[in-house]
Amino acid sequence: QVHLVESGGGSVQAGGSLRLSCATSGDVISNHCLGWFHQAPGLEREWVAGIGADGTARYRDSAKGRFTIFKDNAKNTLHLQMDSLKSDDTGMYYCAAEVLASVGGVCYIEYDPPDIIRWGQGTQVIVSS
């Protein structure tokens, strides 16, 4: 069973940094396709970054060069390091995991149907300009 718990959100000035964390189990952090999604106020949830079981990372264009997704396998935790934050980054951030272990290297979680993804409860980020 996949269980995800996010933390690390908060309020920050534009240009600042935050590190989000997503605690899960050892099996999930090591063997599942994982991702971070962002939901801005009044908008739909959008994919931000994904990381495969082998550590291969992918980012949406607006996150490239500013955000880094990485895993701490020893602590069973997924992270999203967010630098050079902008007001557009404000919103809820959700950790997601595919329910089954991955058989491939690259994670395309943003294309998965809803029934094979599990979500955390979300953590809020507010970036003030």
message = Under the disulfide (SG to SG under 2.5 Å) definition, can you give me all pairs with a residue in residues 60-93, not counting sequence neighbours?
response = none

query = Can you tell me how far CZ of Phe37 sits from CD of Glu44, rounded to the nearest 0.5 angstrom?
reply = 12.5 Å

Expected list for residues 67-77: side-chain donor-acceptor pairs under 3.5 angstrom, two or more places apart:
residue	atom	partner	partner atom	Å
Lys71	NZ	Ile29	O	3.0
Lys71	NZ	Gly52	O	3.3
Lys71	NZ	Ala53	O	3.1
Asp72	OD1	Ala74	N	3.2
Asp72	OD1	Lys75	N	3.2
Thr77	OG1	Lys75	O	2.8

task = Can you run down the side-chain hydrogen bond (donor to acceptor under 3.5 Å, both in side chains) pairs that involve residues 85-94, sequence neighbours left out, and say none if there aren't any?
result = Arg66-Asp89

key: Verdict with supporting geometry, Leu100 and Ile116, side-chain contact (heavy atoms from CB on, under 4.5 Å)   = CA-CA 8 Å; Leu100 298 177; Ile116 70 166; over 6 Å; no

task = Sequence neighbours left out, what passes salt bridge (Lys or Arg N to Asp or Glu O under 4.0 Å) with Arg45? Give chain and number order.
result = none

Connected via hydrophobic side-chain network under 4.5 Å: Met92 and Val48 = no

task = Indicate yes or no: at least one non-hydrogen side-chain atom of Leu78 is less than 4.5 angstrom from one of Ile51.
result = yes

message = Under a 3.5 Å distance rule, please check whether Glu98 uses its side chain to pair with a backbone N or O of Ser102 as donor and acceptor.
response = no

request  = Sorted by first residue and then second, give each disulfide (SG to SG under 2.5 Å) pair with at least one member in residues 41-85; sequence neighbours left out.
outcome  = none

key: From Leu4 atom CG to Leu34 atom CG, the distance as rounded to the nearest 0.5 Å   = 7.5 Å

Please tabulate, for side-chain N and O atoms in residues 107-115, each donor-acceptor pair with protein atoms closer than 3.5 Å (sequence neighbours left out).
residue	atom	partner	partner atom	Å
Glu110	OE1	Arg58	NH1	3.2
Glu110	OE2	Arg58	NH1	2.9
Glu110	OE2	Arg58	NH2	2.6

request  = Only pairs at least two apart or in different chains count here, so list each disulfide (SG to SG under 2.5 Å) that has a residue in residues 63-104.
outcome  = Cys22-Cys95

ask   = Which pairs with one or both residues in residues 16-36 pass side-chain hydrogen bond (donor to acceptor under 3.5 Å, both in side chains), sequence neighbours excluded?
value = Ser17-Asp83, Arg19-Gln81, Ser21-His79, Asp27-Asn31, Asp27-His32

For residues 117-129, run the donor-acceptor check on the side chains, cut-off 3.5 Å, and write out each pair with its distance to 0.1 Å, sequence neighbours left out.
residue	atom	partner	partner atom	Å
Gln121	OE1	Glu6	N	3.4
Gln121	NE2	Glu6	O	3.1
Thr123	OG1	Gly9	N	3.0

request  = Considering non-hydrogen atoms only, spot the tightest contact between Asp54 and Gly105 and give its length.
outcome  = OD1-O, 2.9 Å

task = Give a yes or no on whether Val12 and Leu80 share a hydrophobic cluster (residues Ile, Leu, Val, Met, Phe, Trp, Tyr; joining criterion: side-chain heavy atoms under 4.5 Å apart).
result = yes

